[in-house]
Amino acid sequence: MSWNQDSAQKVDSGSKWISAGVEEWMALQETWKRHLVLEPEDLSLTVDMERLFEAFPLIGGLDITPDKKRDNIAYVGLVIMSSKSLEVKYCQTHRATLQTPYVPGFLGFREAPALINAVESLKKEKSDCFPQVLLVDGNGILHPRGFGSACQVGLSLNLPTIGVAKSLLNVDGLNISQIKEQICQQGKRWMPLFGSSKNVLGAALLSNEYVKRPIFVSIGYRIKLLEAINLVFHTCRYRIPEPIRIADQISRQASNRNFC
DNA sequence: GCGACAG
DNA sequence: ATCTTGTCGC
């Protein structure tokens with residue numbers, strides 16, 4: 001394996017960026033992007049699901065809900081389940097203080113520290129539930145600079161991550177209405193998303209046969225797109241994969257509780 | 001300059 | 001992200 005062992009420190013070393021501006025954030029994304037190892041993708045291969053479950057027996061889902069009153073407070077939901085049986089093994093919420101505002105294209109700077117804290121506390125609290133892969137609510141390399149929040153979380157934790165976005169970030173000429181057309185007329189459940197540079201940026205998935213709005217999957221860190229797609233399909237009972245959907249529910253509950 | 005813009 | 005009712009369908 002050619003993964004950079006000290007990646008985490010390199011990402012972590014940026015506590016300074018909390019007070020930095022968009023220019024610095026851009027430069028950091030460009031720098032961190034170089035730590036990604038993007039292997040060539042053969043999307044025609046067949047994935048052995050049993051192998052996939054062996055490689056990633058526990059899958060985690062992360063989501064974050066902002067407090068209704070306080071702009072800098074949020075609640076992180078972390079759910080761990082068996083990737084094969086979808087049995088929930090761990091379910092927890094964490095209160096977090098957000099250090100930066102949301103700026104489109106820089107979601108990771110707002111959310112990643114809180115998400116990372118939640119995962120790291122799991123390692124101490126219940127290490128037998130520590131997952132081999134994480135689903136992150138947001139994009140991976142399907143991003144203006146190829147480094148979305150899922151990459152930021154994965155690189156920092158040195159853990160495989162998958163970005164799952166509910167709407168399309170317009171990058172490289174990608175267009176939502178074209179994608180909807182194409183995915184329907186092809187009669188398929190998913191289609192790869194190619195940038196104008198002909199690289200695969202991710203995939204649009206129709207989670208099940210009733211869903212009409214696609215979700216957008218891209219690799220975050222240390223995983224192949226085809227593996228990511230198969231894991232996401234397997235964990236989808238509804239439009240949103242179960243780990244993220246439940247994480248969303250519990251973080252929302254926490255937000256509502258603490259509001260009263 | 002204008003629009004678009006994960007959560 | 002949030003503000004929001006009913007309604008249709010599995």
Side-chain angles (χ1 to χ4, degrees), chain A residues 22 25-26 29 32-33 61-78 93-116 118 134-155 161-180 193 195-196 201-221 228 232 236-241 243-245 247-260:
Chain A
V22 162
W25 289 356
M26 271 191 177
Q29 287 177 332
W32 291 338
K33 180 184 174 180
L62 283 164
D63 193 30
I64 185 165
T65 303
D67 191 278
K68 295 184 176 177
K69 199 78 175 194
R70 292 159 292 185
D71 209 22
N72 58 335
I73 301 294
Y75 303 90
V76 175
L78 172 59
T93 59
H94 294 267
R95 207 178 89 138
T97 302
L98 304 180
Q99 303 282 0
T100 75
Y102 168 62
V103 182
F106 302 92
L107 180 65
F109 289 87
R110 178 168 173 79
E111 296 191 343
L115 304 181
I116 290 161
L134 284 173
L135 299 176
V136 178
D137 192 23
N139 285 302
I141 64 169
L142 178 51
H143 178 273
R145 286 161 297 281
F147 196 86
S149 59
C151 301
Q152 199 163 332
V153 170
L155 180 60
T161 52
I162 300 168
V164 180
K166 295 182 286 294
S167 60
L168 181 69
L169 194 48
N170 289 325
V171 302
D172 242 347
L174 259 33
N175 168 276
I176 182 62
S177 44
Q178 282 181 357
I179 290 168
K180 279 186 176 174
L193 301 174
S196 34
L201 300 181
L205 274 65
L206 297 175
S207 308
N208 64 47
E209 55 185 317
Y210 308 111
V211 167
K212 291 185 175 175
R213 293 174 58 207
I215 58 174
F216 304 92
V217 172
S218 57
I219 60 174
Y221 191 59
V232 168
C236 278
R237 276 164 57 79
Y238 307 101
R239 177 169 178 253
I240 306 300
I244 292 184
R245 196 180 67 86
D248 176 79
Q249 285 182 347
I250 62 175
S251 66
R252 190 172 250 99
Q253 284 169 8
S255 172
N256 290 331
R257 270 202 311 276
N258 289 66
F259 176 59
C260 300

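Side chains are part of it too, since the values below use all heavy atoms of this structure and drop only hydrogens, waters and symmetry mates. The sequence lines fix the lettering, A, B, ..., with proteins before strands; numbering per chain opens at 1.
Of the candidate nucleotides B:dA6, B:dA4, C:dA1, C:dA1 has the atom lying nearest to any side-chain atom of A:Arg252. When the nucleotides B:dC5, B:dG7, C:dC3 are ranked by their closest atom to the side chain of A:Glu111, B:dG7 comes out on top. Here C:dA1 is the nucleotide among B:dC5, C:dA1, B:dG7 with the atom lying nearest to any side-chain atom of A:Pro66.
Looking at heavy-atom distances under 4.0 Å, A:Ser149 makes contact with a base. A:Asn170 comes within 4.0 angstrom of the backbone, heavy atoms only, and of no base. No engagement by A:Tyr238 is indicated, since no non-hydrogen atom pair under 4.0 Å with the nucleic acid exists.
DNA chain C forms no stem, meaning no run of 3 or more consecutive Watson-Crick or G-U wobble pairs whose two key distances fall under 3.5 Å.
Per the geometry, CZ belonging to A:Arg245 stands 19 Å off C1' belonging to B:dG7, to the nearest Å. One can place CD1 of A:Ile240 at 9 Å from P of C:dA1, the figure rounded to the nearest angstrom. In this structure, A:Phe216 atom CZ and B:dA4 atom C1' are separated by 14 Å, rounded to whole Å. Here the P atom of nucleotide C:dC10 and the CZ atom of A:Arg237 are 17 Å apart, to the nearest Å. If you take CG of A:Leu168 and P of B:dG3, they are 20 Å apart, rounded to a whole angstrom. Atom P of nucleotide B:dC5 and atom CG of A:Leu174 are separated by 13 Å, given to the nearest angstrom. Rounded to whole Å, atom C1' of B:dG7 lies 16 Å from atom NZ of A:Lys68. Look at CH2 on A:Trp25: it is 14 Å from C1' on B:dA6, rounded to the nearest Å.
At the phosphate of B:dA6, neither OP1 nor OP2 sits under 4.0 Å from any side-chain N or O atom of A:Lys166. Look at A:Ser167 and you'll find a side-chain N or O under 4.0 angstrom from OP1 or OP2 of B:dG7.
A:Ser255 places no side-chain N or O within 3.5 Å of a backbone atom of A:Ser251 that could act as its donor or acceptor partner. When atom types are taken as modelled, the side chain of A:Asp172 and the backbone of A:Leu174 share no donor-acceptor pair closer than 3.5 angstrom. For the pair A:Arg95 (side chain) and A:Tyr75 (backbone), a donor-acceptor distance under 3.5 Å is absent.
Using a cut-off of 4.0 Å between Lys/Arg side-chain N and Asp/Glu carboxylate O, A:Arg70 and A:Asp67 are scored as salt-bridged.
Comparing A:Tyr210 and A:Asp248, the nucleotide of DNA chain C nearest to each residue sits closer to the 5' end for A:Asp248.
Residues A:Leu142 and A:Ile219 have side chains not in contact (no heavy-atom distance under 4.5 Å, counting atoms from C-beta outward).
Just one of A:Val136, A:Leu134, A:Asp137, A:Leu78 meets the side-chain contact (heavy atoms from CB on, under 4.5 Å) condition when paired with A:Leu115; it is A:Val136.
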Side-chain donor/acceptor pairs under 3.5 Å, residues 209-216 of chain A, sequence neighbours excluded:
none

